Amino acid sequence: MTFMSFSSWLETAPAWVQGLPGGLQNFIFQLFQTFVFADRWKLFANGLKITFIVTLGALALGVIIGLVLAIIRTLYCSYTVNKPPFILRVLNVFTETYLTVIRGTPMMVQLLIMGFVIFVPKTEIGCIVCGILTLGINSGAYVAEIIRSGLMSIDRGQTEAGRSLGFNYAQTMFYIIIPQAVKNILPALGNEMITLLKDTSLVSVIALRDVTKQAQNIQSLTYNALVPYISLAAIYLVLVVGLTKLLAVFERRLRKSEH
Amino acid sequence: MNTDDIVIKVEGLKKAFGDAEVLKGIDLDIHSGEVVVVIGASGSGKSTFLRCLNCLEDPTGGCIYFDGVDLADVSVDINIHRQNMGMVFQHFNLFPHMTVLRNMTIAPIKLKGLSEKEASDKAYELLKRVGLEDRADAYPSQLSGGQKQRIAIVRALAMEPKVMLFDEPTSALDPEMVGEVLDVMKALANDGMTMVVVTHEMGFAREVGDRILFMDDGVIGEQGTPEEVFDNPQSERLRSFLAKVL
């Protein structure tokens with residue numbers, strides 16, 4: 001059974017509901033239909049699982065892509081007088097093109113192209129991978145510029161001190177520059193994480209059943225939009241507030257190490 | 001002096017930034033245990049010369065031999081050789097996210113494979129030498145300028161370098177803190193450390209320097225013992241420079 005009429009529900013409803021005014025009765029009925037009837041809360045739960053997987057996957061991919069691109073751009077920008085080596089110039093052109101294309105086209109369009117032109121996934125796993133790749137590649141472009149601003153905010157003398165002790169470029173980055181940069185970019189990076197989490201709501205266009213898609217499904221099952229979508233908004237809000245709190249704790253802990 | 005104990009040999013060193021030629025051909029031998037003090041007007045190429053010695057600036061011409069190895073050779077791993085050349089900067093460049101102890105131990109642990117214990121024992125020993133053993137757990141921002149520079153010196157010493165390079169180590173300090181840093185450098189010179197010091201402290205140059213180099217417009221204008229350079233300058237350029245700074 002996929003649909004239950006208001007009148008048949010009211011007959012089976014507990015006695016305290018019977019005494020309520022009609023509008024309130026209707027609202028409780030909508031809540032019942034959205035979450036309880038046919039175990040529909042499980043749709044939300046399954047959708048959340050997809051949302052989490054795509055968010056975490058894309059976040060990891062975005063940070064890795066962003067870090068690599070940021071280091072290429074920073075290294076390129078560090079050649080102020082001399083000409084950078086050929087390979088670096090090639091990498092820089094690639095990076096700049098990437099940033100231009102990704103930041104210059106809408107997320108939705110990128111999803112459509114990845115989902116229906118490049119990958120055309122057939123299975124659910126395939127769709128998840130496609131979603132993670134698209135969002136990760138998109139996020140990477142923004143993360144790259146965030147990380148680059150962080151790396152370039154660290155005084156040149158820090159690099160020189162590291163190199164003069166005998167650290168190579170990678171060790172200097174890893175032990176000395178990145179730990180200081182992270183502190184500076186955390187607020188901007190947190191912003192990007194929040195954007196990414198909310199952007200996963202677009203993956204339904206490539207047939208991924210994330211939490212947004214599930215809310216749409218419930219709407220079409222119950223012929224009611226208000227409760228599913230308001231609930232959906234509440235779910236995203238709770239997730240974002242939780243993430244913000246987590247980032248604040250992390251930031252405070254990082255600040256503690258410096259006086 | 002014999003030629004066996006040459007630590008750094010510089011031949012025809014040139015450095016240009018774009019069209020601006022900063023070093024126009026420098027030849028120099030630095031012997032083991034020698035304290036070479038580089039003086040000269042700002043813009044004369046002193047700091048660039050020093051930074052070329054450990055390849056923080058890539059020379060555009062000439063050779064630098066460190067322990068007989070040509071550092072400009074592309075097959076040479078410069079990182080290995082930098083471990084043997086300590087450098088102290090004008091602006092200290094301590095790592096602000098690490099404690100004093102960590103500043104001093106990270107390089108020996110990561111690069112020389114010392115254990116935490118070995119590295120921190122060594123660090124405390126060095127801290128004691130500069131009278132800062134009670135500041136091991138402080139962060140750089142909690143230190144005065146003079147303390148920072150003394151830490152920067154022992155951070156470099158923790159790698160047990162053969163040569164120490166000083167790039168205007170007292171120029172960023174308040175006047176009352178200059179003395180404590182110069183004292184550490186004097187003690188280091190007395191212990192036989194090979195040092196190349198770029199400085200404006202003429203008193204230090206005269207007292208501690210074995211040889212004074214007067215850099216003038218990208219070349220060595222004049223060099224000699226402190227007595228020769230300070231008491232009997234040959235060129236008009238050096239005379240007018242000394243007249244301004246002494």
Side-chain angles (χ1 to χ4, degrees), chain A residues 67 71 74-89 147 149-189 250-259, chain B residues 15-20 22 50-51 53-58 60 77-99 102-112 137-143 152 155-161 163-165 167 172:
Chain A
L67 189 59
I71 286 175
T74 310
L75 201 55
Y76 182 84
C77 292
S78 72
Y79 286 85
T80 46
V81 189
N82 300 325
K83 221 173 172 192
F86 178 71
I87 177 81
L88 190 57
R89 274 180 287 154
I147 295 182
S149 77
L151 295 179
M152 291 178 80
S153 72
I154 306 300
D155 182 54
R156 228 180 110 82
Q158 292 290 310
T159 309
E160 289 180 353
R163 296 306 303 270
S164 76
L165 285 169
F167 287 122
N168 61 32
Y169 183 82
Q171 289 168 321
T172 306
M173 273 285 156
F174 191 73
Y175 297 129
I176 295 157
I177 308 301
I178 292 176
Q180 295 182 58
V182 164
K183 231 173 286 186
N184 295 348
I185 64 174
L186 211 56
L189 209 54
F250 191 54
E251 203 180 325
R252 214 172 314 130
R253 194 167 299 173
L254 273 180
R255 295 246 171 258
K256 220 177 267 178
S257 72
E258 197 180 325
H259 297 262
Chain B
K15 173 69 186 176
F17 294 102
D19 293 333
V22 179
L50 193 75
R51 290 159 60 83
L53 291 181
N54 67 352
C55 293
L56 278 185
E57 305 288 356
D58 282 324
T60 41
D77 182 0
I78 183 66
N79 298 311
I80 301 287
H81 297 285
R82 283 199 184 123
Q83 293 182 23
N84 293 318
M85 296 174 143
M87 181 145 187
V88 176
F89 299 87
Q90 180 177 357
H91 295 287
F92 329 127
N93 296 348
L94 294 177
F95 306 134
H97 59 304
M98 300 178 188
T99 62
R102 189 70 184 150
N103 261 281
M104 294 175 66
T105 57
I106 182 162
I109 289 171
K110 302 292 182 191
L111 295 173
K112 289 191 151 178
D137 296 320
Y139 282 88
S141 59
Q142 299 167 309
L143 303 175
R155 175 177 70 178
L157 289 176
M159 286 298 283
E160 301 184 321
V163 180
M164 285 286 282
L165 311 175
D167 188 5

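Each chain gets a letter, A, B and so on, in the order the sequences are listed, and its residues count up from 1. Everything quoted here is computed from the prediction, not taken from an experiment.
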For L56(B), which atoms come within 4.5 Å of any heavy atom of chain A: side chain, backbone, both, or neither? side chain
Region of I80(B) in contact with chain A, defined by heavy-atom distances below 4.5 Å: neither
R89(A) atom CZ: more than 12 heavy-atom contacts under 6.0 Å: yes
Calculate, to the nearest 0.5 Å, the distance between atoms CG and CE belonging to L165(A) and M159(B) respectively. 6.5 Å
Cationic tip of R102(B) above Y175(A) ring, under 6.0 Å, 45° of axis: no
Pair R51(B) + E160(A), salt bridge at N-O below 4.0 Å: yes
Report, by ascending residue number, the residues of residues 85-92 of chain B in heavy-atom contact with chain A at a distance under 4.5 Å; give 'none' if the set is empty. M85(B), M87(B), F89(B)
Most contact-rich option vs chain A, by heavy-atom pairs under 4.5 angstrom, among L165(B), L111(B), N84(B), is L111(B)
Using a 6.0 Å distance limit plus a 45 degree cone around the ring axis, check whether K83(A) lies over the aromatic ring of Y79(A). no
Counting only heavy atoms not in F17(B) (residues, nucleotides, ligands), do more than 12 fall under 6.0 Å from its CZ? yes
Any side-chain donor near an acceptor of the partner, N79(B) and R163(A), under 3.5 Å: yes
